[in-house]
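Encoded as structure tokens, the structure appears first; notes follow it.
Computed from a predicted model, the values in this text were never measured in an experiment.
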Amino acid sequence: MKYVIKLEINGIDFEVNTEASNEREAKDLMWETIRKSTSIHSIDVEPIAKQASISSRFVSGLKSALLL
């Protein structure tokens with residue numbers, strides 16, 4: 001049978017046409033098609049803001065309490 005699978009990614013509609021014997025096989029073929037036709041252009045590293053450790057937050061809280 002011929003299956004037409006419609007999906008949306010970030011507001012963009014896609015349509016994948018497959019020939020399969022059942023819906024499960026059609027979904028598997030769709031994902032295979034997506035994997036084959038998708039490529040990574042670049043991977044950029046973004047610095048993560050350093051989070052205060054539990055001990056430094058405790059010390060900071062203790063200092064604030066003592067200043068009251």
Side-chain angles (χ1 to χ4, degrees):
M1 296 186 101
K2 192 171 199 175
Y3 289 90
V4 178
I5 301 171
K6 296 179 182 179
L7 62 137
E8 177 188 334
I9 301 173
N10 290 335
I12 301 171
D13 293 325
F14 294 91
E15 186 174 291
V16 179
N17 298 308
T18 63
E19 288 190 23
S21 58
N22 57 44
E23 286 185 24
R24 176 69 184 170
E25 185 181 357
K27 286 180 191 177
D28 290 344
L29 290 171
M30 177 201 65
W31 288 118
E32 184 178 336
T33 301
I34 291 171
R35 278 192 297 274
K36 285 181 179 178
S37 60
T38 303
S39 62
I40 297 173
H41 290 275
S42 67
I43 299 176
D44 298 325
V45 177
E46 293 185 16
I48 298 173
K50 188 174 181 180
Q51 296 180 356
S53 67
I54 293 174
S55 60
S56 64
R57 285 186 280 170
F58 175 74
V59 170
S60 176
L62 187 58
K63 284 180 182 177
S64 296
L66 294 174
L67 290 175
L68 294 175

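E32 pairs by the side chain to side chain donor-acceptor pair (under 3.5 Å) definition with K36, not counting sequence neighbours. Judged as a side-chain contact (heavy atoms from CB on, under 4.5 Å), and not counting sequence neighbours, the contacts of I9 are L7, F14. With sequence neighbours left out, R35 forms a salt bridge (Lys or Arg N to Asp or Glu O under 4.0 Å) with no residue at all. Evaluation of the side-chain contact (heavy atoms from CB on, under 4.5 Å) rule for E25 yields A20, S21, N22, L29 as partners, not counting sequence neighbours.
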Compile the donor-acceptor pairs under 3.5 Å between side chains in residues 40-49 and protein atoms, sequence neighbours left out, one pair per line.
none

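A distance of 10.5 Å separates OH in Y3 from NZ in K27, rounded to the nearest 0.5 Å.
Placement of M1 and V16 in two distinct hydrophobic clusters is found when ILVMFWY residues are connected by side-chain heavy-atom separations under 4.5 Å, directly or transitively. Under the 4.5 Å side-chain heavy-atom criterion for ILVMFWY residues, no single connected hydrophobic cluster contains both V4 and I12.
For the pair T18 and A26, the tightest heavy-atom approach, listed with the atom from each and the gap, is OG1-CB, 3.6 Å.
Residue pairs meeting the salt bridge (Lys or Arg N to Asp or Glu O under 4.0 Å) criterion with at least one partner in residues 2-17, sequence neighbours excluded, do not occur; the list is empty.
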